[in-house]
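Here is the structure we will look at, set down as structure tokens.
In each ligand, atom 1 is the first atom listed, and ligand 1 is the first ligand listed.
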Amino acid sequence: MRIANNAGRLVLIDGENLLDVERASGGTFQTDPMAVFSRWAEFSAWAATVDIVNHAEAFALAGANLDAPSPRPRQVFGIGLNYADHAAESGLPLPEKPVVFTKFSSSVAGPDVEVPLPGDTVDWEAELVVVIATGGRHIPVDEAPSHIAGYTVGQDLSERTVQWQDQPPQFSIGKSFENFAPTGPSIVTLDELPHADALAISATIVTIDGEELVMQNGNTDQLVFSVDELISRLSDAVELLPGDLIFTGTPPGVGAGRDPKRFLVAGERLVTEIEGIGKITQHFVNRLA
Ligand code: ZN
């Protein structure tokens, strides 16, 4: 199953077909995409019975205006250095426990947005994002899957100068500018994607001249801490809440790790894709003075 947020309304997606959940369920489920996560078991059971393609009220994806599938999460976690090949490239040892920071939730954006550039060192990080359904504390690793709504594509955009400017460094502000946490296009649930541990993940810059530069081309089989481990370890410290997002880390090829370094400029597009989930695009523009 796939769910998405079409202009503020929760929808089911099957191929090129969308179905409005509130209408199709006769009001059993709300329009607000955030409301579904705390009723996940009930919602999943209902959704499994719906024939989207042949439903009288199904409509075309082409006319949709998709926004972030979890648009107002209360918590957005970022995990640093979570790909073995990225750690090797950085010359850093594998972390013994997850390196965790926050992206403030007002930076969450949809799958196709403009991003004002707050500086000249804005960098990309293609990431698999986990969306939490049922929350909790002290979740055992083997019970983690029952807390997952599904997976979506994310970009952990980062203004590197701001990210590192404090002593000691505090990542959160440099990773929380407007639209710095784009996500989407939909949430793919575990019945369709039970394991996210071997998915191709890439980030491609489309230059002003239309040239396509593949910057990251990795695979989630390089994750140091699996999705289930991240959920377990995070929940040992923090109560996970319905709709929370976990950005699970990025593969090699970020701009700051290149020689010479390469950052995003106005007029460029960034396309991030994960096998079996989909792709998201950002359009970079100059920030108004
Ligand atoms: Zn990241």
Applying side chain to side chain donor-acceptor pair (under 3.5 Å) as the test, list every pair that has at least one member in residues 221-234; sequence neighbours left out.
Ser226-Glu229

Between Arg287 and Glu159 (salt bridge meaning N to carboxylate O under 4.0 Å), is one present in this structure?
no

Can you name the salt bridge (charged side-chain N to carboxylate O under 4.0 Å, His left out) partners of Glu143, sequence neighbours left out?
none

OG1-OH distance between Thr250 and Tyr83, expressed to the nearest 0.5 angstrom
6.5 Å

Not counting sequence neighbours, list each pair that qualifies as a side chain to side chain donor-acceptor pair (under 3.5 Å) and has a residue in residues 49-68.
Asp51-Asn54

Atoms of the protein (N/O/S only) found under 2.8 Å from the Zn ion (ligand 1)
Glu125 OE1, Glu127 OE2, Asp156 OD2

Which one of Pro69, Ser70, Pro73, Pro71 satisfies the side-chain contact (heavy atoms from CB on, under 4.5 Å) criterion with Val108?
Pro73

